[in-house]
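Before any comments, here is the structure.
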Amino acid sequence: MREDVQALDIRDVTANWVNAAVLQAQIDDRIKALADLTHTPLFFGRLDYLHEVGAEKAEGSEGEQFYIGRRHVHDAHGDPMVIDWRAPVSQPFYQASKNNPLDVGRRRRFGYTGGELTAYEDEHLDDPSEAEQTSKLLQAEIERPRVGPMRDIVATIQPEQDEIVRSGLGGTVCVQGGPGTGKTAVGLHRVAFLLYAHRERLARTGTLVVGPNRSFLHYIEQVLPALGELEVKQATVEDLVTARVEVRGTDEAPAAVIKGDARMAEVLRRAIRSHVTPPTESVMVVRGSRRWRIPAYEVAEMVTELMARDMRYGAAHEALPQRIAHAVLVRMEEAGEAPDDRVQNAVARNPAVKAAVKAIWPAVDPAKLVLRLLTDAEFLAAHAAGTLTDEEQKRILMEKPARSVKSARWTAADAVLIDEAADLVERTHSLGHVVIDEAQDLSPMQYRAVGRRCSTGSATVLGDLAQGTTPWSTQSWEQALFHLGKADAVVEELTAGFRVPREVIAYASRLLPAISPGLAPVESVREAAGSLAVREVSGAGELDAAVIAACEESLRHEGSIGLIAADARIPALATALAEAGHSCLSPGEETTADSRLTLVPASLAKGLEYDYVVLDEPAAVVDGEPDERTGLRRLYVALTRAVSGLVVLHAAPLPEQLGR
């Protein structure tokens, strides 16, 4: 299929060089999408239907057989050999069961090692005498050691995951899922499904995946290309909002919480609208020998109407001169003239009209507005009265007021405020679909920033309330979805864990009553005896040596190893590893057969996974956060990154919530 595309000759089918360039770019993308994946098979399953699909199920009619794979594959004649997993005819591979076989007589799963077929396994769904049992190939695929970036899960999608993946484009879906439930993979595969089912529409409007940090985005970036989808953009929230200013500063946690509060949207709205000044003088327009006067009260009525419509500030700024010009045209017509649209546009550009608009409805620079709010106490107080307390206003004022937008040490929270102000001036472009992962960590203002990017589209919101590790993390999905502008979203919960061993998730779940009361713990389907070891070290001086020994022990196993520690401990552990002769990767760097150990600051562990994890000093992880609850949530994240085994090492007492 790839060679067919490469052999295309477009020299005689394009009208000009622009068309040729566009067509060649499309061909190049098609070639990339058809790239071979050495260790990834083209098909992983087969469905034997009892009857011809779509035909009446007549007695004695022959069935059909379909191979299911990551991509559609056809032969030299264009006949299908492998059916795309997203096609409707493939859905029974994930949904069929003994109780509801969906006209499937046999479901076959194939096992592969290094891209070579090594096993197959059949389920006879029409045979009542055959007992329903867990697929060994499915279990082996889930437990396969992880080396390299995150991989797709098309061969292992579960029925409850499949329902979320195939839900329609029109509505927003929020997925609450504990560690190991596959929520990130489900979200990415939902994007792949939507691009399959609504390709033309999403090609026009665009899709975006929003992740918590660059390391996470690097980790997931190969999932969609492996499924042949190359057009999905990836970004962090900071990437979305820093087009106007450079982030060089940081906020103290209390200030960041206030800046991230949804009340700031009202403060900004008031501040922008305060620039509107009711007219006190009439507008006099001179055209040739005639003068046309629009009295102040009439212009004031125009301003009042525009204010009442709650238009974008910039749109109203553009509309006002046209309103004034229209009033002039009415007077011209009353005087017997016959002006047209060109005359109206000329009047709107008249110096007198432009001067009046500048005085009444001046242009506003979003960054300058936010800078004034954060440096001018009186200006902030005037627009935050009744919304922010005096103490809160003091918290967000800059300690050293900057003289200009360029010299200001903007923080990430400031950039979100500027983005909000910019949207109040001019509407933000909306995409067709946005996926937000680790969404529980966003502030209300960050939700609003992402929501603007899908205001006319839909979203997939992924997260776990128990893993909220920012001081402003959301307390409920209802609140989050309200700030996102998707209050009518459907909330789905994934509670079956496929990644973290039962022993490990049970240990981490001891923290749930303290960090997220009422949240159901994950029920892991994986049993792995001996997957958890908690070891106390006699003293802090012995801890580094014990950590190195645990890493060496883990390296004897196949797969990736993550050494997770409090951020403050990273330099010391990096030195200890180097002295012991071990090189280590940074989070997001791709593991290889020769380099499998990654040193992970606890603040960057979220969303990542390793076959074996060594966790250094849990108490230090907790103490590294602004408050105990956030620290315990950070610890919960660190405890749940292991796929096969977890070793916890501590010299200080463990947090009491973990017990003994």
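Heavy atoms only: backbone and side chains are in, while hydrogens, waters and symmetry mates are out. None of these values were measured; they are calculated from a predicted model.
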Do Asp464 and Lys183 meet the salt-bridge criterion of a basic N to acidic O distance under 4.0 Å?
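Answer for the salt bridge query: no.
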Electrostatic pair Lys233-Asp239, nearest N-O below 4.0 angstrom:
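A salt bridge is absent here (no side-chain N lies under 4.0 Å from a carboxylate O).
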Scan side-chain atoms only and decide if Arg263 and Thr387 contain a donor-acceptor pair under the 3.5 Å cut-off.
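Judged by distance alone, the side chains do not pair up.
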For Trp361, which residues count as a ring-ring contact (aromatic ring centres under 6.0 Å, His included) partner, sequence neighbours excluded?
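In terms of ring-ring contact (aromatic ring centres under 6.0 Å, His included), with neighbours along the sequence ignored, Trp361 is linked to Tyr313.
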Tell me, please, which residues at least two apart from His433 pass ring-ring contact (aromatic ring centres under 6.0 Å, His included).
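His433: no ring-ring contact (aromatic ring centres under 6.0 Å, His included) contacts found.
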According to salt bridge (Lys or Arg N to Asp or Glu O under 4.0 Å), who are the partners of [X], at least two apart in sequence or on a separate chain?
{"X": "Glu252", "result": "none"}
{"X": "Glu617", "result": "none"}
{"X": "Asp365", "result": "none"}
{"X": "Asp310", "result": "Arg273"}

What heavy-atom pair brings Trp410 and Val405 nearest, and what distance separates the two atoms?
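Closest approach of Trp410 to Val405, heavy atoms only: NE1-O, 2.9 Å.
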Can you pull out every salt bridge (charged side-chain N to carboxylate O under 4.0 Å, His left out) where at least one residue sits in residues 444-458? Sequence neighbours excluded, please.
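Sorted pair list: Asp419-Arg452, Asp419-Arg453, Glu420-Arg448, Glu420-Arg452.
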Verify side-chain contact (heavy atoms from CB on, under 4.5 Å) between Leu380 and Leu374, making sure each step is shown before the conclusion.
CA-CA 7 Å; Leu380 175 61; Leu374 299 180; 5.8 Å; no
Can you name the side-chain hydrogen bond (donor to acceptor under 3.5 Å, both in side chains) partners of [X], sequence neighbours left out?
{"X": "Thr242", "value": "none"}
{"X": "Thr207", "value": "none"}
{"X": "Arg409", "value": "none"}
{"X": "Gln161", "value": "none"}

Inter- and intrachain pairs under ring-ring contact (aromatic ring centres under 6.0 Å, His included), touching residues 367-389, at least two apart
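ring-ring contact (aromatic ring centres under 6.0 Å, His included) check on residues 367-389 returns Phe379-His383.
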